[in-house]
Protein chains: 2
Amino acid sequence: MTRKEKQRLEYLAQTFKALSHPARLWIVEFILDGERCVHELVEGLDLNFSTVSQHLSVLKQAGIIEDDKRGKNVYYRIKADCMKTLIGCLEEGIRKSRYEDGIT
Amino acid sequence: MTRKEKQRLEYLAQTFKALSHPARLWIVEFILDGERCVHELVEGLDLNFSTVSQHLSVLKQAGIIEDDKRGKNVYYRIKADCMKTLIGCLEEGIRKSRYEDGIT
DNA sequence: TTAATGTTTTGTTATATTGCAAAATGACGA
DNA sequence: TCGTCATTTTGCAATATAACAAAACATTAA
């Protein structure tokens with residue numbers, strides 16, 4: 001494996017990792033419809049401000065969302081427009097895979 | 001958030017988590033072309049047998065791969081046929097998102 | 001300038017993940 | 001049956017992640 005190939009996998013893995021927490025997935029799906037500010041996310045998630053802020057920073061660092069400070073508020077929105085497709089694709093694919101097992 | 005909705009997110013997150021490690025992504029991409037037995041994966045990854053075995057069990061539990069014991073060997077192959085699309089979609093989407101930043 | 005509001009950062013604790021080595025299992029061949 | 005080969009499981013140490021509370025920051029309002 002070349003160094004470049006290794007880097008590619010590490011980068012991909014990091015992006016998947018950013019999506020590997022229920023709260024972060026909730027955030028991503030919630031802002032698919034349009035930007036939201038932090039306190040709306042805190043409300044919806046019922047988590048501490050600091051916790052939500054950290055989740056947001058993980059998603060931001062992964063290039064999945066971006067923020068926009070306006071006045072006192074910080075608004076977050078989707079940056080990687082593949083998210084809707086991505087989540088739908090995985091959900092459907094896994095649903096089918098489970099169906100084959102007769103689980104659902 | 002309903003209990004069912006919570007479960008859906010947890011399940012999705014778990015699947016993303018299974019894909020959030022470079023070694024596991026390498027395995028998934030490696031067997032996209034066809035099944036492989038464990039020692040081939042160990043060779044390609046340059047990791048301990050026990051380590052590779054654990055990565056395989058994570059992927060299997062997530063419903064991403066499945067195994068087939070034949071003789072002394074255990075062969076692994078892709079079970080969730082969305083994997084190629086999924087990885088390609090994320091890779092492309094993130095590449096674009098980074099391009100906008102002028103990183104690449 | 002001060003106070004209040006919205007958000008991020010830091011410190012801490014609990015839990016989860018990763019990787020290896022060694023032991024255990026399972027299947028085949030002698 | 002016994003040994004060997006391929007793989008998995010277990011036990012352990014190191015590191016990473018998650019959550020909260022408290023402190024720090026930044027922006028607007030008074």
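Residue numbers begin at 1 in each chain, while the letters A, B, ... track the order of the sequences. Being a predicted model, the structure only gives us computed values, none of them experimental.
- Between the P atom of D:dT7 and the CG atom of B:Leu56 lies a distance of 10 Å, rounded to the nearest Å.
- Counting to the nearest Å, the C1' atom of C:dT7 and the CG atom of A:Leu59 are 16 Å from each other.
- Side-chain nitrogen and oxygen atoms of B:Asn73 include none within less than 4.0 Å of the OP1 or OP2 phosphate oxygen of D:dC5.
- As judged by a 4.0 angstrom heavy-atom cut-off over every strand, B:Tyr76 is placed among residues touching the sugar-phosphate backbone only.
- Rounding to the nearest 0.5 Å places CD of B:Glu91 at 11.0 Å from CG of B:Leu86.
- For D:dA21, its base sits under 3.5 Å from the side chain of A:Ser50 at one donor and acceptor pair at least.
- For the pair A:Arg36 and A:Tyr76, the cation does not sit on the ring face, since its NZ or CZ is not both under 6.0 Å from the ring centre and inside 45° of the axis.
- Between B:Arg8 and the options B:Lys6, B:Lys4, B:Glu5, a side-chain contact (heavy atoms from CB on, under 4.5 Å) holds for only B:Glu5.
- One finds a side-chain N or O of A:Lys17 lying less than 4.0 angstrom from the OP1 or OP2 phosphate oxygen of D:dT17.
- For the pair B:His55 NE2 and D:dT9 C1', the computed distance is 15 Å after rounding to whole Å.
- A salt bridge does not link B:Lys60 to B:Glu66: none of the charged side-chain nitrogens sits closer than 4.0 Å to a carboxylate oxygen.
- The 5' end of DNA chain D is approached more closely, in terms of each residue's nearest nucleotide, by A:Thr51 than by the other of A:Thr51 and A:Arg70.
- The existence of a salt bridge linking B:Glu35 and B:Arg70 is confirmed by a sub-4.0 Å separation between a basic side-chain nitrogen and an acidic carboxylate oxygen.
- In this structure, B:Glu10 places its CD atom 14 Å from C1' of D:dA18, rounding to the nearest Å.
- Distance CD (B:Gln54) to C1' (D:dT9): 8 Å, rounded to an integer number of Å.
- What separates NZ of B:Lys72 from C1' of C:dG29 is a distance of 7 Å, to the nearest Å.
- C:dT7 atom C1' lies 15 Å from atom CG of A:Leu47, rounded to whole Å.
- When heavy atoms are screened at a 4.0 angstrom cut-off, B:Lys60 is found touching no nucleic acid atom at all.
- At the phosphate of C:dT8, neither OP1 nor OP2 sits under 4.0 Å from any side-chain N or O atom of A:Lys69.
- Between the C1' atom of D:dT27 and the NE2 atom of A:His39 lies a distance of 15 Å, rounded to the nearest Å.
- At the heavy-atom level, A:Arg24 lies under 4.0 Å from the strands shown only through sugar-phosphate atoms.
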